[in-house]
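As the structure is a prediction and not an experimental result, all values here were calculated from the model. Just so we're on the same page: letters track the sequence lines, and every chain starts at 1.
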Number of protein chains: 2
Amino acid sequence: MNRIQKRERLRQGLQTLLEQGGAGARLPSERELSERFDVARETLRRCLDELEEEGLLQRKQGAGTFVSAPPVVKEARLLSFSEEMRERGMEPSSRLLRHQTVLAGAKLAQRLMVTPGSAVIEIRRLRLANNEPMALETSCVALSRLPGFDPAALVNGSLYELLDKKYGLQLRSAQQQIHATVLSEDEAGLLGVAPFSPSLMIERTSTSSKGEVIEYAKSLYRADRYRFEIGVMR
Amino acid sequence: MNRIQKRERLRQGLQTLLEQGGAGARLPSERELSERFDVARETLRRCLDELEEEGLLQRKQGAGTFVSAPPVVKEARLLSFSEEMRERGMEPSSRLLRHQTVLAGAKLAQRLMVTPGSAVIEIRRLRLANNEPMALETSCVALSRLPGFDPAALVNGSLYELLDKKYGLQLRSAQQQIHATVLSEDEAGLLGVAPFSPSLMIERTSTSSKGEVIEYAKSLYRADRYRFEIGVMR
DNA sequence: CAGTGGTCTAGACCACTGG
DNA sequence: CAGTGGTCTAGACCACTGG
């Protein structure tokens with residue numbers, strides 16, 4: 001399409017200008033740019049909006065448009081343990097420690113948004129990276145959302161993959177709370193560290209694209225091997 | 001201004017429509033809405049863009065505009081300690097424990113992106129919420145970026161505010177690393193908890209809109225009073 | 001095909017800044 | 001004050017969908 005080509009040319013032309021200018025440089029005015037690229041000023045502005053959103057430039061009313069240094073912020077994304085470890089260049093694996101069906105108490109029921117007393121599958125796994133213990137994870141999923149769920153499938157697999165393949169459930173967002181705590185003797189033993197070592201505890205409530213709460217998980221990470229990293233914008 | 005009122009009315013009118021409709025409902029067409037609210041279609045579209053960005057509605061070319069169930073994900077934003085505590089409904093304050101000018105070693109120089117050996121101001125503050133100790137914070141800023149900097153101004157103020165007012169520096173993004181650790185006896189004493197209590201340690205490197213690294217800060221939060229909360233999307 | 005959202009235009013007036 | 005970005009308008013044509 002002619003239109004797409006035009007948009008593309010505009011975008012690339014602007015990026016070239018940004019590169020030539022370097023951080024701090026001032027761009028020509030919007031009226032001049034729109035004439036130069038032969039587009040309406042509003043069209044140009046929409047393109048500048050995008051570039052500003054991406055942090056490549058800054059506009060200041062009455063003063064002008066200035067090139068920014070691109071930010072290095074790493075966006076937080078919802079990753080499974082397996083995905084995250086692979087991204088960190090490590091090979092993930094799991095050991096299924098225990099699984100049982102329990103009846104949801106008031107607190108858990110609220111977290112999973114189910115009625116108190118409904119059946120919940122609780123899965124406790126030791127999660128390894130390069131065959132070294134990394135975290136101790138307890139996941140809870142409501143049985144009603146996962147008919148015929150078989151925890152045995154989790155011995156070496158990702159819960160997220162299973163949810164997707166078997167139930168067509170894609171997790172879309174999660175709420176995470178991060179605390180610092182110390183490990184009990186049992187927990188420390190499983191993770192292979194000294195008792196009362198510090199630990200990063202992450203509680204996560206994951207929600208499907210339909211808005212249903214699918215999983216509540218509580219993970220204890222070894223503080224000596226794991227850091228939580230996040231980029232934030234103002 | 002008439003213009004602001006108009007925009008405000010439009011926004012509120014649309015939100016009312018969204019509420020009345022409920023998730024899944026289909027809004028009237030853009031042409032009809034623009035007529036009803038007496039604005040140009042482009043103006044209406046800009047408002048719809050915002051609402052879509054916020055996840056309140058979804059548009060589908062050729063089909064229509066539909067009300068979404070609002071997401072509950074809380075976006076991570078770069079907040080100063082003061083801003084964050086106020087948002088949590090607590091009154092922030094600070095006690096300046098120490099400040100000194102040091103020469104940047106290799107590690108600090110790399111973090112601040114300055115040449116090793118340059119002067120760096122190091123500020124150590126006890127940060128309180130409702131007059132209770134909450135965190136122990138050590139901030140480092142390169143002197144070259146803040147000529148004539150006076151740490152005394154920080155006794156009861158926000159560093160971010162000072163940077164903005166005095167130097168016109170707005171922080172735009174930050175990279176944060178979150179660890180779990182235990183407090184030394186000194187640190188525990190200052191924070192008013194038992195020695196070797198667990199602590200959430202947050203290291204933050206903040207960058208200005210021009211892409212310069214402005215601050216490196218290391219904070220030790222009381223694990224019993226502070227949790228880091230974050231929403232993530234897939 | 002009628003109707004929807006997506007994009008673009010030329011022009012106007014406003015708020016803000018100090019090159 | 002001239003010049004900048006911010007907002008809005010009325011209208012056009014496009015791509016896509018199936019109420």
Requested in this report: Taking only the side-chain nitrogens and oxygens of A/T43, find out if one of them lies under 4.0 Å from OP1 or OP2 of C/dT9.
Outcome: yes
Query raised in the report: For C/dA10, does either OP1 or OP2 sit under 4.0 Å from a side-chain N or O belonging to A/R41?
Result: no
**Report entry** A/R45 vs D/dG5: side-chain N/O to OP1/OP2 distance below 4.0 Å
**Finding:** no
Query - Whichever of A/L44 and B/L27 has its nearest DNA chain C nucleotide further upstream toward 5' - result: B/L27
Report task. Decide yes or no for B/Y226 and B/M85: does some side-chain heavy atom of the first lie under 4.5 Å from some side-chain heavy atom of the second? Result -> yes
Report summary line: Between B/V141 and B/L112, the two heavy atoms sitting closest are C-CD1, 4.4 Å
Query raised in the report: Nearest to the side chain of B/R46 - C/dG5, D/dT9, C/dT9?
Result: D/dT9
**Report entry** Minimum-distance nucleotide to B/E30 side chain [options: C/dG6, C/dT4, D/dG6]
**Finding:** C/dG6
Query raised in the report: How does DNA chain C look in dot-bracket notation if pairs are Watson-Crick or G-U with both distances under 3.5 Å, crossing ones as [ ], other-strand ones as |?
Result: ||||||||||||||||||.
**Report entry** Options C/dG6, D/dA10, D/dG5, nucleotide nearest the side-chain atoms of B/A40
**Finding:** D/dA10
Query raised in the report: Does a salt bridge link A/R31 with A/E35, judged by any charged N lying under 4.0 Å from a carboxylate O?
Result: no
Query - Side-chain donor-acceptor contact under 3.5 Å, A/Q58 with A/S68 - result: no
Query raised in the report: Is the backbone of B/A135 close enough, under 3.5 Å, to the side chain of B/R225 for a donor and an acceptor to pair up by distance?
Result: no
Report task. Determine the minimum heavy-atom distance between B/H99 and B/L96, stating which atoms define it. Result -> CD2-CD2, 3.9 Å
Report summary line: Whichever of B/E52 and A/K60 has the more 5' nearest nucleotide on DNA chain C, that residue is B/E52
Query raised in the report: How many Å lie between CD on A/E35 and C1' on D/dG3, as a whole number?
Result: 15 Å
Query - Note, A/L146 side chain near A/L163 side chain (heavy atom, < 4.5 Å) - result: yes
Query raised in the report: So, is B/R31 near the phosphate of C/dG3, with a side-chain N or O under 4.0 Å from OP1 or OP2?
Result: no
Report task. Measure from the side chain of A/Q61, starting at C-beta and using heavy atoms only, and say which of D/dG11, C/dG6, D/dG6 lies closest. Result -> D/dG6
Query raised in the report: Can a side chain N or O of A/T65 be found less than 4.0 Å away from OP1 or OP2 on D/dG5?
Result: yes
